[in-house]
2 protein chains.
Amino acid sequence: MTEASVKDMPETTAKERAKQEGPLFKPLYLQVRERLTGRMIEGLWPPGMLLPSEQRLAAELGVSQGTVRKALDAMAADHLLVRRQGRGTFVAEPEEGRILFQFFRLRPDDGRAPFPESTAVSLRADRADAETAALLTLESRARIWRLKRLRRLDGVPLIVEEVVLPFARFRHLDREEPLPNNLYALYAGRFGATIARAEERLKAVAAGRAEATALGCPEGAPLLRIDRIAYGLDDRPVEQRVSLCLSEQHHYANSLR
Amino acid sequence: MTEASVKDMPETTAKERAKQEGPLFKPLYLQVRERLTGRMIEGLWPPGMLLPSEQRLAAELGVSQGTVRKALDAMAADHLLVRRQGRGTFVAEPEEGRILFQFFRLRPDDGRAPFPESTAVSLRADRADAETAALLTLESRARIWRLKRLRRLDGVPLIVEEVVLPFARFRHLDREEPLPNNLYALYAGRFGATIARAEERLKAVAAGRAEATALGCPEGAPLLRIDRIAYGLDDRPVEQRVSLCLSEQHHYANSLR
DNA sequence: GAGTGGTCTAGACCACACA
DNA sequence: GTGTGGTCTAGACCACTCT
């Protein structure tokens, strides 16, 4: 390094810059994380893409490799990235096996994890009632899609579910028929809407006539009801769904840590 | 450092020692984690204790502060430790609020998180049947405790549950009556058995006569059934329990990441 | 002021994948 | 062999807590 370049060096360190951002201190590695997440949201880094190496990112962003590493590790822990020693860091893909493990918790009691097959029953445009609008943070009476599906495990009908999506973000959803098994792959691949996390509420309810018919169980039989809100990379709600599941020979698996 | 001391320095670095442990390479920070966890298991570091500082631990264990930090951070992420800037690192306590958030997922639909009050219905010694023995990795016909409880939320009976514990590890459990609300605090404080994690299976079932009576619901009403196995610091099963929950105005909350 | 964990940096070497 | 992420080290300064 020449003397001239030393003279020209910025007088602020990365750390100082972090502080200068304002009275609300935010660690550099979180700022890095937000910038990287932003590229994914903008679609510059689509699922499956190989990221630049840690060294390159560090040089590009003007921070040390260790800081980039901390941001990447955190994103990998949240399943937004996949790191592979010797190969590189990739944007996570909504691959069937992973999505299944992450977002589909219904298992046969024997412990296997078979892939569910889904059949779309109906897809229609509608308007959000007050409750749905609140759950998806839409305006009341906003346009939505309502998708009804029947899902089978090992060929046996086990789940009836209704999926609600904001029309604005999934404008030409009806052109995608037949809808694939893995909706989250569709959201990410065709609509740029990656699902990052979800919140679920579980209840036990009695089967109504429609569910009983679809699932081949007696009316009044106990069903597991799962209400889900799924959130995007920007942490805003993307999808709302209600699933009614037969749980006679199946269960919802959960780990508490 | 003098020349003499340089001469006397061990010729192996911490990294090399990690490798020498055998053909199965295990990162140093995981070895550190295991040693620290071991102290908790042995009871040398009981819940609430202040750990030595990172610098002291690093010196004591012969590794760098960064390696100790990585082990401590991982243990804090698993809720085994609590780190407080400016104060130190503490062994996590089975404090009511935390345990509730971590292991008790039933909430009123309005979103509050009231403390459950529990009433012991019966506690008796028994012998494990084949299934229970398998779940708790005990020998068949091993001695066990069976504890039945009724749990209320906001004063309303909501859960009937049966807790099964190995007799060997909880020998004088009957001397602890009346049993406290927070069983996991009892396990940790009186029996040196800290619960580190749990696996749950959820189903919807129909209320039998006994449950209907206890919960004040119609026979056949849908109930949420939760089967849980709780594991200790050594990752071996400690407790098995089955909970039957009214979920008319309550739900089981879960986050998927 | 002293001591703690939290953040950031810089650099070394190892394990792994691929050409 | 080259390049990647994974691990380990050493040291600096900051934010926080308590005395």
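In this text, all values refer to a predicted model and were calculated from it rather than measured experimentally. Residue numbers begin at 1 in each chain, while the letters A, B, ... track the order of the sequences.
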* To do: Give the intermediate values and the outcome of salt bridge (Lys or Arg N to Asp or Glu O under 4.0 Å) for residues Asp227(B) and Arg241(B).
  => CA-CA 6 Å; Asp227(B) 285 82; Arg241(B) 66 165 74 181; over 6 Å; no
* For Phe115(B) and Phe104(B), what are the C-alpha separation, side-chain angles and deciding distance, and is it a ring pair (Phe, Tyr, Trp, His ring centres under 6.0 Å)? -> CA-CA 9 Å; Phe115(B) 281 28; Phe104(B) 188 80; 9.6 Å; no
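Not one side-chain nitrogen or oxygen of Thr67(A) sits closer than 4.0 Å to the OP1 or OP2 atom of dT7(C).
Using modelled atom types, one finds a donor on one side chain and an acceptor on the other under 3.5 Å when comparing Tyr184(A) with Glu239(A).
Nearest nucleotide to the side chain of Asp73(A), out of dG5(D), dG6(D), dC16(D): dG6(D). Side-chain proximity of Pro27(A) to dA15(D), dG5(D), dT7(C): nearest is dT7(C). Considering only the side chain of Ser64(B), dT9(D) comes nearest among dT9(D), dG6(D), dG5(C). Nearest to the side chain of Arg56(A), among dG6(C), dT4(D), dT4(C), sits dT4(D). Taking the side chain of Leu28(A) as heavy atoms from C-beta on, and the options dC16(C), dC8(C), dG6(C), the nearest nucleotide is dC8(C). Of the candidates dT9(D), dG5(D), dG5(C), the closest approach to any side-chain atom of Val63(B) belongs to dT9(D).
Each of Gln65(B) and Lys70(B) has a nearest nucleotide on DNA chain D; the 5'-most of these lies closest to Lys70(B). Each of Arg87(A) and Tyr29(A) was matched to the nucleotide of DNA chain C holding its nearest heavy atom; the match closer to the 5' end belongs to Tyr29(A).
Contact check for Leu61(B) versus Leu36(B): side-chain heavy atoms found under the 4.5 Å cut-off.
Between the side chain of Trp45(B) and the backbone N or O of Val91(B), no donor-acceptor pair lies under 3.5 Å. Formation of a donor-acceptor pair under 3.5 Å by the Glu199(B) side chain with backbone atoms of Arg228(B) is not found in this model.
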* Could you spell out the base pairing of DNA chain D in dot-bracket, with Watson-Crick or G-U pairs whose two distances are under 3.5 Å, [ ] crossing and | to another strand? -> ||||||||||||||||||.
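Following rounding to the nearest Å, Arg83(B) (CZ) and dC16(D) (P) show an atom-to-atom distance of 16 Å. Distance, Leu81(B) CG to dG5(C) P: 11 Å, rounded to whole Å. The CZ-C1' distance, from Arg84(A) to dC16(C), rounds to 13 Å in whole Å. The separation between Gln55(B) atom CD and dA12(D) atom C1' is 12 Å, rounded to whole Å. The CZ atom of Phe90(A) sits 11 Å away from the P atom of dT4(D) (whole-angstrom rounding). When the P atom of dT4(D) is taken as reference, atom CG of Leu50(A) falls 9 Å away, rounded to whole Å. Between the CD atom of Glu54(B) and the C1' atom of dG3(C) there is a distance of 12 Å, given to the nearest Å. We find that CD of Gln85(B) is positioned 12 Å from P of dC18(D), with the value rounded to whole Å.
Between Phe170(B) and Phe191(B), the ring planes are tilted. Angles from 30° to 60° get that label.
Here the straight-line distance linking atom CZ of Arg257(B) with atom CG of Leu80(A) works out to 11.5 Å at 0.5 Å rounding.
Using a 4.0 Å heavy-atom cutoff across all strands shown, Arg69(A) reaches at least one base atom of the nucleic acid.
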